Amino acid sequence: MYDTPNTERTVTRNETKFSARKVQVYYGDTHAIKDVDVDIEDKTVTAFIGPSGCGKSTFLRCLNRMNDTIDVCRVEGDILLDGQDIYDKKVDPVQLRAKVGMVFQKPNPFPKSIYDNIAYGPRIHGLAKNKAELDEIVEKSLRRGAIWNEVKDRLHAPGTGLSGGQQQRLCIARAVATEPEVLLMDEPCSALDPIATSQVEELIDELRTNYSVIIVTHSMQQAARVSQKTAFFHLGNLVEFGETGQIFTNPKDERTESYITGRIG
Amino acid sequence: MPLLWLILIVLAIAVAGYVLGRQRALASAGGDSRGLHSLPSYYGSNVAIKAIVPAFLLLVAWLLIQPIYVGNTISGMIPESSVKEGSSLGLVMAEVRRAANGLDAAVAQGLMTDDEARNLRADFTDVTQRLRDAGSIVTSEVTQPILRAAQRYRIMNDTGNLIMTIAVLILAVLGFLYGLRESRAEFRARNVVEHSVRAILVGAASIAILTTIGIVLSLVFNTIEFFRLYPAADFFLGTNWAPSFSGRGGSSDLGVLPLLWGTFYISIVALAVAVPIGLFAAIYLSEYASPRIRAFAKPMLEVLAGIPTIVYGLFALLTVGPLLLKVFGDNGLDWMQSGTAVMTAGLVMGIMLIPFVSSLSDDIINSVPQAMRDGSYGLGATKSETIKQVVLPAALPGIVGAILLAASRAIGETMIVVLGAGAAARLSLNPFEAMTTVTAKIVSQLTGDADFASPEALVAFALGMTLFVITLCLNIFALYIVRKYREQYE
Ligand SMILES: Nc1ncnc2c1ncn2[C@@H]1O[C@H](COP(=O)(O)OP(=O)(O)O)[C@@H](O)[C@H]1O
Ligand SMILES: [Mg+2]
């Protein structure tokens, strides 16, 4: 029914990147995330699956404090990144977001040139000392984003003029350019056609060598194809979390089983 | 029969037509509305439309044409000799009309029989006095030719109105009968109604467009008339504005440059005030303010937009002018002679434009997709970095459009200038001197008893035309930019 999960799936334990304990999220009176405990490993692709509205995006946005930009949102509990509480007063959310990059559902390149899109983060954070270094960062990021060959001749054309799949890879390259340690992706392929989707999936698999990647997806096939770990959310609860192969072939919770066999969704 | 009655009768015919048409159509389908092509009410509407539309079109056309026709016939009757030296046929015609109205009033008050009104002779009775007694405003002695013309005028109008009433009623009845005959089951009444609705909408749109064209044409013709009396080159290139007030003296200097300069100078001061403040206010309201502050502050700003400009003018004259004078006047820096100056008008006009700039910019900033901001925050940018580097560049074309629209309002503003900037047309760089603008001079050229055919009065049209062309270009340019910007995110 699903593509065969990666055979050479790493079973070796990587060190923990994020560790969340008793996380609660409220939007005003709505209790959107309830008591979530999870450990997310470095150099691993972790997939969040679950029916719409179950809180996948909400939880993802807790990890780089993007929820701070929503007035009614309140987060409780502990989320540690490399052992450091990211909701601590000492942590600057702006700095945190440079470390925990984010790619959104709809490709959202800025209405600037391709070059300026990529250079945006490095310029803000002062990562390049001069123009040559910036050029180098831009090229490296575009290569990481697997889009260099397509855009190297038109770096100064507007980023909004690219196709949907190219735009999404540009956004990934843009996130990579600030040298993050973790990449959060919220349904990065839902606005893309199948070919662009498989390009982005390939890219995600490559990114695993350098980053911890967390991807929210609606497609269980996609979760099975790209991830090593899968978390299943339902009505704000983290129902089950484990090896992707195990979740898809031998789920422990019956809600997980109902979801992956298509009975709830 | 008064017009109102005629209209009411036609409407009554239409209502009867609606009811009967509906019934007849239903009857033709044996009382079962499913056997009809259209819903029963459409058959009723069809009859009503056929009764009303042709009748009202005839009515409107008649009302437009009759005065012209009668006017022409009567003015043909007036002998050359009764047009006095220094007067014109137009003035005599106005007198005829007044006399005719006087006769009407006298008959209505029972001071004259209708027969008398038709046959009176000015040489035998004191008509003028009797008309005055009836309360009409007769300026000069009513002479026999004028009285004859007035009597003829009344008779022609009476007959015209009678024929019109009959014709309109006949047409309404004919339309009614025709519509009723059509009301059979297979008739496509629904389509007729559809076409009529469309015709009504087209009609409304055409009236809007035609009046605009009419206004522009009247501007154009009067401007051409002005340029016949005054050389265009002197108007556009002249640096001196000194109209003579003697009425018909040809010694006026009517150069538009000082006025244009005043207009632009004051507008620039106004924009220098309004653009930064309005824009920053918009950024604060759309990006930083909490919903509670926003819900309170936005209406407050919009109240500012609702203040009539004359109130701003008073504010300029009574508050801002004296205040500036205190700082920059004799006792202060000694740059300013009086409270009315470019600075006064510019500052106040800038305040007037703040809500205009801020509410347009606010809309534009809000229409920058949230995804852009999220993208920037997600890269670790702060709020102000995001605004400066992502939101504003994305909104820039729209903001430029808003500024241009504000500029065209500044250029067209009158009351603040009249009260705040003084009346002296002057080419000067000192913002503390009094200057004046195109609009303010249009007002001053037309108030007073200038003869409307003199260049001193007609120049108002040329000024209006100049202003119109400038603001039109600004508006078109602004709309073009704003529209181009809209497409970017759709
Ligand atoms: N900005 C917001 N304000 C209020 N409620 C929200 C907001 N965003 C999400 N929610 C609510 O939180 C719950 C989880 O939403 P979300 O995390 O977007 O779900 P998912 O991404 O799994 O589809 C939903 O019930 C949703 O209505
Ligand atoms: Mg979501």
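For the numbers below, each heavy atom of this structure counts, side chains included, while hydrogens, waters and symmetry mates do not. The sequence lines fix the lettering, A, B, ..., with proteins before strands; numbering per chain opens at 1. Since the model is a prediction, treat every value here as computed from it, not as a measurement.
- Of all the listed residues (A:Met102, A:Gln95, A:Arg174), the one sharing the greatest number of non-hydrogen pairs under 4.5 Å with chain B is A:Arg174.
- Residue A:Pro109 touches chain B through its backbone alone, counting heavy-atom pairs closer than 4.5 Å.
- B:Ser286 and B:Asn366 share no side-chain donor-acceptor pair at under 3.5 Å.
- Interface remark: A:Lys99 contributes no atoms to any contact with chain B (heavy atom separation under 4.5 Å).
- At a cut-off of 3.5 Å, with distance as the only test, a side-chain donor of A:Tyr211 or A:Arg144 sits close to an acceptor on the other residue.
- Judged purely by distance below 3.5 Å, without hydrogens or angles, the side chains of A:Asp186 and A:Ser57 pair a donor atom with an acceptor atom.
- Of the N and O atoms on the side chains of B:Tyr377 and A:Asp68, not one donor lies less than 3.5 Å from an acceptor on the other residue.
- When heavy atoms are compared at a cutoff of 4.5 Å, A:Val103 does not approach chain B at all.
- Of the atoms belonging to B:Ser290, not a single heavy atom falls under 4.5 Å from chain A.
- In this structure, a donor-acceptor pair under 3.5 Å is absent between the side chains of A:Glu41 and A:Thr16.
- Heavy atoms of A:Tyr120 lying under 4.5 Å from chain B belong exclusively to its side chain.
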